[in-house]
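Since the model is a prediction, treat every value here as computed from it, not as a measurement.
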Amino acid sequence: QEQLVESGGGLVQAGGSLRLSCAASGRTLSMYAAGWFRQAPGKEREFVAAISRSGGSTDYADSVKGRFTISRDNAKNTVYLQMNKVKPEDTAVYYCAADRRTFGVVVTTKGYAYWGQGTQVTVSS
């Protein structure tokens, strides 16, 4: 199975930007649809963004649409989440996920077989 490792989290001021990376072990990330989810303490894990294996299709939660961009570089075996105009409510642990069962996008936690360990994003006011 794929091993996913997130990085790039940290402290950022509201209105600022941050880019998260998700690096996959092996050399087969191109076979997987990928996505980003987030979870704040005491809250449910929620969908953020998803991308098809080729990068040709994407989907976003309404809460981040227009601010966040998911992308991938299959040659580098990496998926990215560019976070712009961040808000305090974006504070959470961000997880990347991957699944090889679809050629489209996957927007539910149940749709992903593999998960990273998470990276903390904290947005201050």
Side-chain angles (χ1 to χ4, degrees):
Q1 64 180 37
E2 288 290 330
Q3 289 288 324
L4 308 175
V5 179
E6 303 95 334
S7 63
L11 178 64
V12 61
Q13 292 187 159
S17 297
L18 202 64
R19 189 177 78 162
L20 307 183
S21 298
C22 175
S25 65
R27 302 173 67 179
T28 59
L29 186 62
S30 63
M31 297 181 180
Y32 295 80
W36 288 93
F37 292 75
R38 65 188 183 188
Q39 187 169 25
K43 298 182 179 179
E44 65 182 358
R45 186 170 298 188
E46 65 176 354
F47 167 73
V48 175
I51 190 167
S52 61
R53 64 178 64 189
S54 69
S57 298
T58 59
D59 201 3
Y60 298 91
D62 288 342
S63 60
V64 306
K65 194 171 298 181
R67 300 188 297 118
F68 292 6
T69 302
I70 187 171
S71 62
R72 66 192 303 159
D73 187 338
N74 287 337
K76 296 182 178 180
N77 232 22
T78 302
V79 177
Y80 304 97
L81 183 69
Q82 179 66 44
M83 306 169 61
N84 296 329
K85 300 180 180 179
V86 296
K87 304 175 180 179
E89 55 261 43
D90 294 323
T91 295
V93 175
Y94 283 70
Y95 299 88
C96 66
D99 197 276
R100 65 186 303 167
R101 296 174 294 177
T102 182
F103 286 86
V105 296
V106 181
V107 301
T108 62
T109 57
K110 292 182 179 180
Y112 287 99
Y114 307 115
W115 294 83
Q117 85 287 353
T119 186
Q120 177 71 46
V121 172
T122 302
V123 182
S124 65
S125 299

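Across every non-hydrogen atom of Gly10 and Leu18, the tightest pair is N-CD2, 4.1 Å. Considering every non-hydrogen atom in both Gly104 and Ala33, the closest pair reads O-CB, 3.7 Å. Nearest heavy atom pair, residue Ala34 against residue Val79, reads CB-CG2, 3.8 Å. The shortest heavy-atom contact between Val48 and Val64 is O-CG2, 3.4 Å. The minimum heavy-atom distance between Ala92 and Ala40, with the atom names listed, is CB-N, 3.8 Å. Among all heavy-atom pairs drawn from Met83 and Val121, the shortest one is CE-CG1, 3.9 Å.
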(request) Could you walk me through whether Arg38 and Asp90 pass side-chain contact (heavy atoms from CB on, under 4.5 Å), step by step? (result) CA-CA 8 Å; Arg38 65 188 183 188; Asp90 294 323; 2.8 Å; yes
(message) Before you tell me yes or no, could you show the steps for Leu20 and Glu6 under side-chain contact (heavy atoms from CB on, under 4.5 Å), namely the whole-Å CA-CA distance, both residues' side-chain angles and the distance that decides it to 0.1 Å?
(response) CA-CA 7 Å; Leu20 307 183; Glu6 303 95 334; over 6 Å; no
(request) Before giving the answer on side-chain contact (heavy atoms from CB on, under 4.5 Å), spell out for Phe68 and Trp36 the whole-Å C-alpha distance, their side-chain angles and the decisive distance to 0.1 Å. (result) CA-CA 11 Å; Phe68 292 6; Trp36 288 93; over 6 Å; no
(request) Give the C-alpha distance, both sets of side-chain angles, the deciding distance and a yes or no for side-chain contact (heavy atoms from CB on, under 4.5 Å) between Arg53 and Arg72. (result) CA-CA 9 Å; Arg53 64 178 64 189; Arg72 66 192 303 159; 4.3 Å; yes
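Side-chain atoms of Arg67 come within 3.5 Å of backbone N or O of Lys85 as a donor-acceptor pair. Formation of a donor-acceptor pair under 3.5 Å by the Asn84 side chain with backbone atoms of Ser17 is not found in this model. For Asn77 (side chain) and Ala24 (main-chain N/O), a donor-acceptor pair under 3.5 Å exists by modelled atom type. With hydrogens and angles disregarded, a donor-acceptor distance shorter than 3.5 Å links the side chain of Arg101 to the backbone of Gly111. Checked by atom type and distance alone, the side chain of Thr58 never pairs as donor or acceptor with a backbone atom of Ile51 at under 3.5 Å.
Aromatic ring orientation, Tyr32 versus Tyr114: perpendicular (interplanar angle above 60°, classes split at 30° and 60°).
In the displayed structure, Gln13 atom CD is contacted under 6.0 Å by at most 12 heavy atoms of other residues, nucleotides or ligands. Atom CD of Glu44 has 12 or fewer heavy atoms from other residues, nucleotides or ligands within 6.0 Å.
Note that OG1 of Thr91 is 7.5 Å distant from CD of Gln120, once rounded to the nearest 0.5 Å. The distance from the OG atom of Ser54 to the CZ atom of Phe103 is 10.0 Å, given to the nearest 0.5 Å. For the atom pair CZ (Phe47) and OG1 (Thr108), the distance works out to 9.0 Å, reported to the nearest 0.5 Å. Atom CD1 of Ile70 is separated from atom OG of Ser52 by 9.5 Å, given to the nearest 0.5 angstrom.
For residues 95-125, the set of pairs meeting the disulfide (SG to SG under 2.5 Å) definition, not counting sequence neighbours, comprises Cys22-Cys96.
With sequence neighbours excluded, no residue forms a ring-ring contact (aromatic ring centres under 6.0 Å, His included) with Tyr60. Residues satisfying the ring-ring contact (aromatic ring centres under 6.0 Å, His included) test with Tyr95, not counting sequence neighbours, are none.
Linking Ile, Leu, Val, Met, Phe, Trp and Tyr whenever their side-chain heavy atoms come within less than 4.5 Å leaves Val5 and Phe37 in two separate clusters. When the side chains of ILVMFWY residues are joined at heavy-atom separations under 4.5 Å, either directly or via intervening members, Val86 and Tyr94 end up in a single hydrophobic cluster. Tyr80 and Leu4 fall into different hydrophobic clusters, defined by Ile, Leu, Val, Met, Phe, Trp and Tyr side-chain heavy atoms under 4.5 Å apart, directly or through other members.
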